[in-house]
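Each chain gets a letter, A, B and so on, in the order the sequences are listed, and its residues count up from 1. Please read all numbers here as calculations on a predicted model, not as lab measurements.
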Amino acid sequence: MTRVSMTVDGVSYTDEVEPRTLLVHHLRERLGKVGTVVGCDTSNCGACTIALDGQSVKSCSVLAVQADGSDITTVEGLARDGVLHPVQQAFHENHGLQCGFCTPGMIMAAIDLLGENPDPTESEVRHGLEGNLCRCTGYQNIVKSVQAAAKAMAPGAHASTPAPVAGE
Amino acid sequence: MTATIDTTTSTSEIGKARLRKEDARLITGRTRWTDNITLPGMVHVAMLRSPFAHATITAIDTTEAKTRPGVITVLTGADLKDEQGSLPCAWAITPDMKAPAHPSIAVDTVHFSGEIVAIVVARSAAEATDALDGIEIDYDELPAVLDMEAALAEGADLVHPELGTNRNALWIFDSGEAGTGEPIQAALDAAEVTVTRRFRQQRLIPAFMEPRSVVCDPTGEQLTLWSATQVPHIVRTMLAMTLGMPEHKIRVIAPDVGGGFGGKLQFTPEELLSVVLAQRLGKPVKITESRSESLLAGHHGRDQIQDITITATRDGKLTGLKVELMADMGAYLGLVTPGVPVLGAFMFNAIYKIPAYHFACTNVFTTKTWTDAYRGAGRPEATFGIERIMDELAVELGMEPMELRKKNWITHEEFPFTTVAGLTYDSGNYEAATEKAMALFDYDGLRAEQARRRENGDVKQIGIGISTFTEMCGLAPSRVLGSLNYGAGGWEHAAIRMLPTGKVEVVTGVTPHGQGHETAFSQIVADKLGVAFEDVEVLHGDTQVSPKGLDTYGSRSLVVGGIAIVQAADKVIEKAKPIAAHLLECSVDDLEFTGGRFSVKGTDAGVAIGDISLAVFAAHNLPDGVEPSLDSQATFDPENFNYPHGTHLCAVEVDTETGFVEIINYTCVDDVGVVINPLIVEGQIHGGLAQGIAQALYEEGVYDESGTLLTGTLADYLVPSAVDLPHFNVDQTTTPATSNPLGVKGVGEAGCIASTPAVVNSVIDAVRQFGVVDVEMPCSPQRVWRAIQQGRGQLAAGGPAGQNTAEAGGGLGSTDSSGNVDQSTPAGGQA
Ligand code: FES
Ligand code: FES
């Protein structure tokens, strides 16, 4: 057992973990952060994506001990004072999800993508999200969501844009 | 362009692009996936699965495993032999269908790699998994049975020797009197043109994103089972029937479910075992499969060989269609396994007027994971077969492929139309959808560009593919399902409860897994009762809350479940009427109901339905003999299926040096009747397209010659990512269904059914000039490249020698998930 401390969604936790414990399992099983989900065992699906010290990572490919001392944000920590993060809002407004299982990972990956490229083209979004699989949406509305979020987050943009009319 | 319905001015809820109610919890991670559930005292189960496709278990030693940390018990098939029952198949398609016993844990023999042979129960999932290593099993390997034709040959090794054959059933439909086969024989004899092709529907894996998970709590008055299932009601009934448990003592809950696509339309060994174990141990039990287990041992889809012959006159009139299928059942029969190809039987004739039709399907057992429903179930296979052979026939006739279709399809004026397969299509307008699609797609412009590139001998050649399709959806009607020997009905149930404050609870028996029922059904109820969208709550997915239902599959939620809701709402209005009349002191006949208000015709007097519900709650002043309730129930069983249709057009660019295929234009116009929520409809089409395109280009479940699944992880089974799929141009025409009061048609499977042949037709069209007449799916770079080489070789040797199907290799290893070509593979295949 190894002692690890980390801040997750603004709360600090210290626990004893087995050295082999994956971060995603630590989050889900020990800290009750079940908003982050597991979709595969090969680091291919991206469902488990979180932000580790501001960088998006697949939490199934990081050991809990490697996250010692880090600051983690999961999908559960994005909304502030009941206000959705613009990327969450954009996924809602653009029907960027169906079953929603890939969604936490998609949103976390999208936030990181927009951090690096605040105004991505469709192709840049598609390449940026290549590590996250979605089986329901065919990706088109996810791409649309990310681009809409980029607009909403652009300097000078109003923090929350009105819901676009479908079909535009 | 996208679906355009002006939602800004419309006051009706029907057709409004309402943002989904479901999203709030899903985008914030406050979800209720089954694997999120933790109960006091809960134990975890891990499965040991057979590494062999076919073997006798000669010895199992669990002693060491039992000593591992945290282990509570280790059990084998022999230990649970008398308790575990046999998993049911609900579709005996013929009276003499062969059905093997289907144990949850193999007892003496394993029949596919991935079959459960032992289980460990431990304190934690990790401890249970660790302890699997401690189980020693001796196997005697038996010959794997992998090829359907070989399995049917005389003297073949038998998957289930006790059945005496590998043939599960032979099912025949014939358009002639008493199935004589006379019409088709006459058509074949008289044919001016005959085209015969063999197409393969590769094995696909549903690959929903949430792995299946089940939690069973035996500690309450009722046993409670949470399961990531599409079919909680069916699971409850099957549990009762299989284990002989009293049904009223079982509660099944499908909480949030992360995708299904038919893959969660099952009664699984894990569900059954969780109940057996929970009862044995008296503790809550959780089983969550890994992704690898999901791919290996969740059911697979498709896997058919189709031999199709089509006949026509020289000028392109279809005269006959003969289809002979072999369908791979895998090792066991799941809930609807044998019925999947039977559903296809009614769709091979598609939108065409064909006077003679013969369909025969042989279902075959092999030592692979069993197959069952996968998005579209039977209809994608059929649509592929007919749309591919229509293109081949067009080439044979020297006709433009769209012209051939137009010449044979049912015209708008001819509806309702009874097809050669015996279905009556209620409405449709193939002309309108096609015209719109061709204009959006720029059909003529792309044909010109294609000609230009051919002329130039460009490395990148263009191909154009068509799929004009229809499907039968809304599984129901019960009578029809009964005539096909399906073990259940197809009705659907709904209940509506008006609450004292005027809010509404709606209970539905259809159980969503991403389709947005809460939103769409709220819209229907808001529209019918004239209450606010926000004032409606839709309850589902729990047999205690929603006691009756047949769940979600076959695009039936809206067209069957939604209509049950409409009927329940009508009953509420009827019930409220005498109360309104009493309150307004008028006669019932003087009332009209609009916008949530009963008013006395020609006056200002009126009362809102919300006020009536309060009056009913108080029950102080009700008319004599009126029951103080504003609740209703309805069970709807439609008279007919419904028939969405559409025209899908695909243009691809094929790199003739690498075989790499890129979709450069995908345009479709679907007609799904009246649209309740255009956002949801468009989303469903997108998702379906992705899955259909994936079948055409990327996905295949591949076994090696020993029967080991080679595509057992998401690194090998190529679920497309965002870069592998194009932007879709999606639009609609609206021809209301006449068979239901909303005019709606199903939508969930349309994109998946239509897109596969459109894409493959476009690939062949791009390379036909090199003598290629077919490429097996998935059309991986390697397969396309090889087809070009073979075709060129044959052309050089004096013209194309009939069908050259590029075999071998497949998707596996030939592309990575980003679609990059592995250059070494084509070169290797050149020899
Ligand atoms: S669960 Fe982490 S990538 Fe799939
Ligand atoms: S929304 Fe279902 S997997 Fe993406």
field: Part of A:Leu133 within contact of chain B (heavy atom distance under 4.5 Å)
entry: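 Both backbone and side chain.
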Contact origin within A:Ile142 toward chain B - heavy atom pairs under 4.5 Å: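 Looking at A:Ile142, nothing touches chain B.
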query: Under 3.5 Å, side chain of A:Arg30 to main-chain N/O of A:Glu16, donor-acceptor pair present?
result: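 Checking the backbone N and O of A:Glu16 against the side chain of A:Arg30, a donor-acceptor pair under 3.5 Å is found.
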- prompt: Does B:Glu22 reach the main-chain N or O of B:His517 with its side chain, forming a donor-acceptor pair under 3.5 Å?
  reply: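 Indeed, once roles are kept as given, a pair shorter than 3.5 Å links the two residues.
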Of the backbone (N, CA, C, O) and the side chain (C-beta and beyond), which part of [X] lies under 4.5 Å from a heavy atom of chain A, both, or neither?
{"X": "B:Pro726", "answer": "backbone"}
{"X": "B:Ala126", "answer": "both"}
{"X": "B:Arg20", "answer": "both"}
{"X": "B:Leu689", "answer": "neither"}
{"X": "B:Asp35", "answer": "both"}

Heavy-atom pairs under 4.5 Å with chain B: which of [options] has the most?
{"options": "A:Met106, A:Glu122, A:Gln88, A:His92", "result": "A:His92"}
{"options": "A:Thr103, A:Asp41, A:Val38", "result": "A:Asp41"}
{"options": "A:Gln98, A:Lys33, A:His25", "result": "A:Gln98"}
{"options": "A:Asn141, A:Thr42, A:Leu97", "result": "A:Leu97"}

message: Would you call the rings of B:Phe728 and B:Tyr666 parallel, tilted or perpendicular, taking 30° and 60° as the class edges?
response: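 Because their plane-to-plane angle is over 60°, the rings of B:Phe728 and B:Tyr666 count as perpendicular.
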Can a side-chain donor-acceptor contact be found between [Y] and [X] if the only test is distance below 3.5 angstrom?
{"X": "B:Gln684", "Y": "B:His686", "answer": "no"}
{"X": "A:Thr49", "Y": "A:Ser56", "answer": "no"}
{"X": "A:Ser70", "Y": "A:Asp53", "answer": "no"}
{"X": "B:Glu127", "Y": "B:Ser124", "answer": "yes"}
{"X": "B:Gln523", "Y": "B:Arg18", "answer": "no"}

